[in-house]
**Student:** 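Structure incoming, see below.
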Amino acid sequence: MPELPEVETTRRGLEPWVTGRTLKATRTYQRSLRWPIQAPESLNGATINGLYRRGKYLLFDLDLGIGNSGTLIVHLGMSGSLRVLPLDTPRLKHDHFDLHVDGPRIAGGSDQGSLIRLNDPRRFGCVLYQSGADAEVHPLLAHLGVEPLGNEFSGEYLFQRSRHRKLAVKNFIMDGKIVVGVGNIYAAESLFLAGIRPIVPAGKVSRQAYADLSDRIQSVLSNAIRQGGTTLRDFVGSDGKPGYFQQSLYVYGREGQPCRVCMTRLKGITIGARSSVYCPNCQRRSGFQPPKLDVAG
DNA sequence: ATGCTAACCTGCGCGC
DNA sequence: TGCGCGCAGGTTAGCA
């Protein structure tokens with residue numbers, strides 16, 4: 001479930017509960033996620049300097065003392081969520097991992113701090129550890145593409161990286177080695193808003209179309225973050241509340257329904273083993289774009 | 001290098 | 001009501 005907006009929503013919710021706090025202990029209930037959970041005993045007592053995000057990865061920056069540092073790397077996979085809970089909260093099904101942090105209690109909690117608890121029904125997420133000051137040397141992070149909301153991302157960047165590429169433009173923008181954080185929902189939405197058909201080869205999309213697409217990717221992600229992300233089934237923020245961006249979706253999950261702009265019946269196709277929905281009328285071009293309604297920015 | 005497929009795992013909705 | 005099937009927000013490994 002979680003794409004960039006959901007991970008960022010989680011990060012923002014968690015940040016005040018972890019920054020500057022002591023990691024008193026970790027607890028692993030179900031070790032076998034995508035990879036076995038890595039949380040060495042030596043992390044107990046570390047100071048959490050900050051909580052960062054790289055793509056869909058959450059990075060707990062740890063100070064282990066005597067000049068040692070490290071990073072706990074958490075990915076939420078398809079169905080994961082991290083919540084802040086009172087220390088003595090009973091464990092529910094699919095609760096796999098806890099961070100026990102000190103600090104002022106939350107409502108109903110004890111004085112001993114709080115719990116950051118990972119729940120992940122499908123167990124596609126992960127909890128990994130990278131020692132040292134630079135988490136980006138970790139193999140999972142080392143080759144990631146640019147941040148879509150960062151300065152290196154632009155239409156020109158997409159245009160240059162896509163030359164001679166034959167895969168569908170939808171798969172291209174979902175490729176984490178190109179740009180991180182854009183998953184199946186936001187890829188579909190961005191392409192709709194840019195008027196680009198998802199199946200066209202990435203290498204045939206024009207410079208102008210990529211300029212438009214990069215703007216749409218940024219606005220869709222920003223708007224979704226503002227709405228607390230998209231909740232289809234599992235996702236809840238760190239406060240346990242769902243996101244609301246699903247109300248703003250134009251095409252994702254709307255196959256067969258009328259386009260919200262032109263009322264044309266939305267079409268569903270499979271691209272790269274992922275379901276895709278688009279409007280055959282609004283999404284025509286691989287190059288020049290005819291006049292289009294100014295839908296949601 | 002590029003692009004496609006299978007694989008990981010659980011739950012849910014649908015048709016019969 | 002129950003059962004089997006297909007599908008679901010991600011990403012990597014492996015193969016052509």
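Numbered from 1 within each chain, the chains take letters A, B, ... in sequence-line order.
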**Student:** Would you say A/Phe124 stacks on B/dC9, if stacking means ring centres under 5.5 Å apart and planes within less than 30 degrees?
**Tutor:**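 No, A/Phe124 does not stack on the base of B/dC9, since the centre distance and plane angle fail the 5.5 Å and 30° test.
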**Student:** Counting any heavy atom closer than 4.0 Å, what does A/Thr231 reach on the DNA or RNA strands: base, sugar-phosphate only, or nothing?
**Tutor:**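 Counting heavy atoms under 4.0 Å across all strands, the contact made by A/Thr231 includes a base.
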**Student:** Any donor-acceptor pair under 3.5 Å linking the side-chain atoms of A/Tyr157 with those of A/Arg161?
**Tutor:**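 A/Arg161 vs A/Tyr157: donor-acceptor pair found between side chains.
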**Student:** Any non-hydrogen side-chain atom of A/Tyr250 less than 4.5 Å from a side-chain atom of A/Leu266?
**Tutor:**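 A side-chain contact under 4.5 Å is absent here.
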**Student:** Do the side-chain N or O atoms of A/His94 get closer than 4.0 angstrom to the phosphate oxygens (OP1, OP2) of B/dG11?
**Tutor:**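 Yes.
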**Student:** Atom CG of A/Asp120 to atom P of C/dA8: distance rounded to whole Å?
**Tutor:**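 Those two atoms, CG and P, are 18 Å apart.
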**Student:** In whole angstroms, how far is the C1' atom of B/dT5 from the CD1 atom of A/Ile271?
**Tutor:**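 Spelled out: CD1 on A/Ile271 to C1' on B/dT5 is 16 Å.
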**Student:** Under 4.0 Å, counting only non-hydrogen atoms across every strand here, what does A/Leu167 touch: a base, just sugar-phosphate, or nothing?
**Tutor:**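 Touches sugar-phosphate only.
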**Student:** Distance check, P atoms only: C/dC7 and B/dT5, in whole angstrom units.
**Tutor:**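 Result for the P pair: 14 Å, nearest Å.
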**Student:** Can you tell me if A/Asn184 and A/Lys170 form a side-chain donor-acceptor pair at under 3.5 Å?
**Tutor:**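 Checked: A/Asn184/A/Lys170 side chains pair up, N/O donor to acceptor below 3.5 Å.
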**Student:** Can you check whether A/Lys93 has a side-chain N or O nearer than 4.0 Å to OP1 or OP2 of B/dG11?
**Tutor:**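 Result: yes.
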**Student:** Pick base, sugar-phosphate or nothing for A/Leu140, based on heavy-atom distances below 4.0 Å to the nucleic acid.
**Tutor:**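 Sugar-phosphate: the residue A/Leu140, judged by heavy atoms under 4.0 Å, touches backbone atoms but no base.
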**Student:** In this structure, which one of A/Leu141, A/Leu59, A/Leu62 forms a side-chain contact (heavy atoms from CB on, under 4.5 Å) with A/Thr71?
**Tutor:**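 Option passing the side-chain contact (heavy atoms from CB on, under 4.5 Å) with A/Thr71: A/Leu59.
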**Student:** Return the 5'-most residue of the pair A/Arg34, A/Lys166 with respect to DNA chain B, ranking by each residue's nearest nucleotide.
**Tutor:**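 By nearest-heavy-atom nucleotide position, the 5'-most residue is A/Lys166.
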**Student:** Would you write the dot-bracket representation of DNA chain B, where each base gets (, ), [, ], | or . depending on whether it forms a Watson-Crick or G-U pair under 3.5 Å and with which partner?
**Tutor:** .|||||||.|||||||
**Student:** With a 3.5 Å cut-off and just heavy-atom distances, do the side chain of A/Arg165 and the base of B/dT2 make a donor-acceptor pair?
**Tutor:**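 No such pair is found, so the answer is no.
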**Student:** Would you say a side-chain N or O of A/Lys56 is under 4.0 Å from OP1 or OP2 of C/dT11?
**Tutor:**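 Answer is yes, contact under 4.0 Å.
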**Student:** Check the distance between B/dG11's P and A/Phe235's CZ and give it to me in whole angstrom.
**Tutor:**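 One finds 20 Å between P of B/dG11 and CZ of A/Phe235, rounded.
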**Student:** Please give the distance between the P atoms of C/dT11 and B/dC12 as a whole number of Å.
**Tutor:**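 Approximately 23 Å lies between the P atom of C/dT11 and that of B/dC12.
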**Student:** Would you indicate which nucleotide in C/dG9, B/dT10, C/dT12 comes nearest to any side-chain atom of A/Arg123?
**Tutor:**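 The answer is B/dT10.
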**Student:** Any base atoms under 4.0 Å from A/Phe245, or only sugar-phosphate, or nothing? Heavy atoms, all strands.
**Tutor:**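 Contact class for A/Phe245: none.
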**Student:** Can you check whether A/Gly203's main-chain N or O pairs, donor with acceptor, with A/Arg165's side chain at less than 3.5 Å?
**Tutor:**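 Flag not set: sc A/Arg165 to bb A/Gly203 has no pair under 3.5 Å.
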**Student:** Between the base of B/dC9 and the side chain of A/Arg122, is there a donor and acceptor pair under 3.5 angstrom?
**Tutor:**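 For A/Arg122, whose side chain was compared with the base of B/dC9, there is a donor-acceptor pair (under 3.5 Å).
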**Student:** If I take atom CG in residue A/Asp175 and atom C1' in nucleotide B/dG3, what distance separates them, rounded to the nearest angstrom?
**Tutor:**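 So the two atoms are 10 Å apart, to the nearest Å.
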**Student:** When the P atoms of B/dG3 and C/dG9 are compared, how many Å lie between them, rounded to an integer?
**Tutor:**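 Straight-line distance between the two P atoms is 22 Å.
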**Student:** Please report the distance, rounded to the nearest Å, between CD in A/Glu255 and C1' in C/dG6.
**Tutor:**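 To the nearest whole Å, that distance equals 13 Å.
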**Student:** Whole Å only: how far is the CZ atom of A/Arg233 from the C1' atom of B/dC12?
**Tutor:**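 Atom CZ in A/Arg233 sits about 5 Å away from atom C1' in B/dC12.
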**Student:** A/Leu128 CG to C/dT11 C1': how many Å, rounded?
**Tutor:**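 Rounded to whole Å, this separation is 13 Å.
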**Student:** Can any side-chain N or O of A/Gln227 pair as donor or acceptor with the backbone N or O of A/Gly243 at less than 3.5 Å?
**Tutor:**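 No: the side chain of A/Gln227 does not pair with the backbone of A/Gly243.
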**Student:** Taking only side-chain N and O atoms of A/Arg274, does any of them lie within less than 4.0 angstrom of OP1 or OP2 on C/dG10?
**Tutor:**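 Yes, such a contact exists.
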**Student:** Once you apply a heavy-atom cut-off of 4.0 Å, does A/Tyr186 come out as touching a base, just sugar-phosphate, or nothing?
**Tutor:**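 Counting heavy atoms under 4.0 Å across all strands, no contact is made by A/Tyr186.
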**Student:** Distance check: side-chain N/O of A/Ser79 vs OP1/OP2 of B/dT10, anything under 4.0 Å?
**Tutor:**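 No, no such contact exists.
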**Student:** Taking A/Glu6 for the side chain and A/Phe235 for the main chain, is one N or O donor matched with an acceptor at less than 3.5 Å?
**Tutor:**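 Checking the backbone N and O of A/Phe235 against the side chain of A/Glu6, no donor-acceptor pair under 3.5 Å is found.
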**Student:** Nearest to the side chain of A/His75, heavy atoms from C-beta on, is which of C/dG10, C/dG9, C/dT12?
**Tutor:**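 Taking heavy atoms from C-beta onward, the closest nucleotide is C/dG10.
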**Student:** Rounded to the nearest angstrom, tell me the gap between atom CG in A/Asn171 and atom P in C/dG10.
**Tutor:**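 Between P of C/dG10 and CG of A/Asn171: 12 Å.
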**Student:** Hey, what's the ring geometry for A/Phe245 with A/Tyr186, parallel, tilted or perpendicular (30° and 60° as the breaks)?
**Tutor:**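 The arrangement is tilted - the two ring planes meet at 30° to 60°.
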**Student:** Looking at CZ of A/Arg117 and CZ of A/Arg83, how far apart are the two atoms once the value is rounded to the nearest 0.5 Å?
**Tutor:**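 Reported value, rounded in 0.5 Å steps: 10.0 Å.
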